[in-house]
Number of protein chains: 2
Amino acid sequence: MTRKHRATLSDVASKAGVSPVTVSRAIRHPEMVSKKLRERIDNAVRSLGYIPNHLASALASHRTNIVGVIVPSLTNGVFDDYLAAIQDVFSLANIQVLVTNVRYSAEKEEKAINTLLGYHPEAMILVGVDQTDNSRQMLTNAGIPVVQTLDLTDNPIDLNIGLSHDDAGYAAVEYLRSLGHESIAHLTARGDPRSQQRHAGYQRAMDTFGLSSEGLVALTPRISTVQLGRRLFAEVLDRQPGVEAVFCCNDDLALGALFECQQRGIRVPEDLAIVGFNDLEFCAASVPPLTSVGTERIQMGKWAAQNVLEIIRGSGQRPDKCQVNTGFTIHERGSSMPAHKTVHGTRGTKARVVS
Amino acid sequence: MTRKHRATLSDVASKAGVSPVTVSRAIRHPEMVSKKLRERIDNAVRSLGYIPNHLASALASHRTNIVGVIVPSLTNGVFDDYLAAIQDVFSLANIQVLVTNVRYSAEKEEKAINTLLGYHPEAMILVGVDQTDNSRQMLTNAGIPVVQTLDLTDNPIDLNIGLSHDDAGYAAVEYLRSLGHESIAHLTARGDPRSQQRHAGYQRAMDTFGLSSEGLVALTPRISTVQLGRRLFAEVLDRQPGVEAVFCCNDDLALGALFECQQRGIRVPEDLAIVGFNDLEFCAASVPPLTSVGTERIQMGKWAAQNVLEIIRGSGQRPDKCQVNTGFTIHERGSSMPAHKTVHGTRGTKARVVS
DNA sequence: AGTGCAATTGACAGCGCTTTCATTTGAAAC
DNA sequence: GTTTCAAATGAAAGCGCTGTCAATTGCACT
């Protein structure tokens, strides 16, 4: 039963024997319509299967109830939680989130921003701080709240919540150093600007501690996978058999490194310590469980959404703090814990919080 | 520099000294405007940072360039690839995909359908075939192409591409049976209707082969995780220490089962065979690599998008086949391969295709 | 110069809704 | 039975754009 024409406000109005305005009010501001008419209208709505045309509504009211969100990836377990947190906040406020996945491409991001702005979103939430000049310009011109998340910058477009990935990378190395390791490798997928920051932090720490990273870094331009983690670590192992520890720019690579060790009969943590990044769910489940640097991705998404909501629906005032550093936490687990600390059969976590 | 008012078509027209229609044409149908004017208009557009109001455009032209997509989850590595495939097809046609994540809730799905239809999408792509009556009604009334994916039904709303999860579950058991296993366990997360189908297939196979599943099934109402895989399989192991094989409703649970085995010193595949579902990337990377039943998720997303595109932009004709069974493939790897088949150090895959 | 025709350009209406303001209604108060 | 005022309803305009059709222009050809 394909209708030629979907029911409109006027159709409902005719059916209920009232004027279109009244129908509009019955839907948007029920308290302004008498009970009698409201019921008649509700019936008409139901019997016609009327669904308001959001485009027309938004055009007329200057309220789109849309917020644009741009993420660099979805294959990476990180952004699911983050996105879900954002959606949870907005769905309660009847705001539709328009998500675009730009696959770590600044160019695609620019295009996505342009497209999204065409929908007149009431705010934009972005990942990272590396937008192109053009992107920044468009966002500024749009005159809406903009939140840059998951990273920090000295020069935010508007609001900013995140953490220093450079510091996190530094801390990971510092932690491994504190366990007595000196030959500390690093696996990383460039392409993700935040991974690059972690790499920079790794390098800074190695330099600071007077350790050489020669031959200890393996990187790939591709999206990271577990398989790639194996391959990258295999490279390092072949080059530097004496490596004592490895810090991976994310947990997929770390899990790959762990598997490569299993394959080669390298004992973790006795022969080699592994530290991942993001603290995805599987870190606590592997054997041994993986030590990982955790970030507050859910908290960041939530904060971004809540602040946007407050600005566009609330008092309209900017929040007290326009920039928030959520820090990071090293979840110390079996993959790096010195033997005497390890409790057999337990997958306990010892957390070191840094913010 | 927050503008009071974003530039409109008229603003551009004034600036370029032409009528608004001409600007509209210069943007939508450049070939209909003389080169001279086109340049003047382009300049005006650029200098004003003009971005067409998509809402107004869609309202006037009855072309929204929106396709609604509803997924039950994003945390599950399955839907990333699927979504990406859909987006890839549509982005080339300048169609914006409106994604909603309904977290395996039919109620949320119904609400999402209602909301999305308010945007007048030109088509809808859904996961699964278990929509509520109300949802089906709304979709039918909308008079747009609807694709149900990743599962099959005798009574599709419109187009349908997927596979029989019951058959896939049956095949997994049949495969393990062919290796000589009889005590075959099953781990599953109900909540996902397709997992339930796989469970049904498992049960059907066990019955058919005259095998008892008593005490061999562990299920959870929660979203599956690796951790949960460990816990569920631990339950089974504690109950039935003699279990010879386990078929898991997805790869996360399978990886968890593998870790649980590692923890307990159970050798895989010598002491126990493991089969997962979905063939996610990490399956080929673990030690031993995980045998998994793979589905054509990318292909399904692509087919759905391409057919929609053909219908709404092309000849308008329905495709030849309104229902497609993409089948499934058992990727046989080390976690189930009999010792004499296993090639040390190789992570080769032997595929058995069923469609 | 005049005719014919295609290529450009513009005027106008309207997409489906909300906002604003005017009108009507009803019930309380005189 | 008026008057008064709030509550309920409606009429008209317009959000920013595009489709349709009419008007204009340019140019080749007589």
Side-chain angles (χ1 to χ4, degrees), chain A residues 3-42 44-45 48-66 94 115 117-122 142, chain B residues 3-41 44-45 48-66 94 115 117-122 142-143:
Chain A
R3 298 236 174 97
K4 192 97 230 126
H5 224 54
R6 277 171 59 179
T8 71
L9 201 64
S10 306
D11 297 336
V12 177
S14 315
K15 180 124 189 173
V18 297
S19 75
V21 229
T22 307
V23 177
S24 172
R25 272 196 285 255
I27 292 170
R28 303 286 164 215
H29 312 283
E31 75 285 356
M32 297 178 73
V33 175
S34 67
K35 199 174 165 197
K36 200 185 67 182
L37 284 194
R38 218 186 311 148
E39 277 169 7
R40 239 163 61 200
I41 292 170
D42 283 353
V45 164
L48 291 174
Y50 173 67
I51 297 175
N53 184 331
H54 186 271
L55 283 66
S57 163
L59 184 61
S61 69
H62 298 282
R63 283 238 139 155
T64 57
N65 289 300
I66 290 176
N94 276 311
T115 304
L117 287 179
Y119 288 83
H120 283 233
E122 305 192 35
Chain B
R3 297 236 174 98
K4 191 99 233 127
H5 223 54
R6 278 171 58 179
T8 72
L9 201 66
S10 305
D11 295 336
V12 177
S14 315
K15 180 120 188 174
V18 298
S19 75
V21 230
T22 306
V23 177
S24 173
R25 271 196 285 257
I27 293 171
R28 304 286 162 215
H29 312 283
E31 75 284 358
M32 296 179 73
V33 175
S34 67
K35 198 173 166 197
K36 199 184 69 180
L37 283 195
R38 218 186 312 147
E39 277 169 8
R40 241 164 57 200
I41 292 170
V45 164
L48 291 173
Y50 173 68
I51 298 175
N53 184 331
H54 186 270
L55 285 65
S57 164
L59 184 62
S61 69
H62 300 280
R63 283 238 138 155
T64 58
N65 289 299
I66 289 177
N94 275 313
T115 304
L117 287 179
Y119 287 83
H120 282 232
E122 303 192 34

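Chain letters run A, B, ... following the sequence lines, proteins first, then strands; residues in each count from 1.
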Under 4.0 Å: is that the gap between some side-chain N or O of [X] and OP1 or OP2 of [N]?
X       : N      : value
B/Ser61 : D/dT18 : no
A/Thr22 : D/dG10 : yes
A/Ser24 : C/dT18 : yes
B/Tyr50 : D/dG16 : no
B/Ser34 : C/dA7  : no
A/Ser57 : C/dT18 : yes

Can you tell me the distance, in whole Å, between the [atom1] atom of [X] and the [atom2] atom of [N]?
X       : N      : atom1 : atom2 : answer
B/Leu9  : C/dA11 : CG    : P     : 13 Å
A/Arg6  : C/dC15 : CZ    : C1'   : 14 Å
B/Leu37 : C/dT8  : CG    : P     : 10 Å
B/His29 : C/dA7  : NE2   : P     : 17 Å
A/Arg28 : D/dT9  : CZ    : P     : 18 Å
A/Arg25 : C/dT18 : CZ    : C1'   : 10 Å

Per nearest nucleotide of DNA chain C, the residue lying toward the 5' end, B/Glu31 or A/Val21, is B/Glu31
Starting at the 5' end of DNA chain C, which residue's closest nucleotide do you reach first, B/Leu59 or B/Lys36? B/Lys36
Just to be sure I understand the rule, does [X] reach a base, reach only the sugar-phosphate, or reach nothing, if contact means heavy atoms closer than 4.0 Å?
X       : value
B/Leu55 : nothing
B/His54 : nothing
A/Pro52 : sugar-phosphate

Any chance you could measure B/Arg28, atom CZ, to B/Arg25, atom CZ, to the nearest 0.5 Å? 13.5 Å
Rounded to the nearest 0.5 Å, how far apart are OG1 of A/Thr115 and CG of B/Asn94? 7.0 Å
Has A/Arg38 got a side-chain atom pairing as donor or acceptor with A/Ala26's backbone, closer than 3.5 angstrom? no
Would the distance check show the side chain of B/Ser57 and the main-chain N or O of B/Asn53 forming a donor-acceptor pair, the cut-off being under 3.5 Å? no
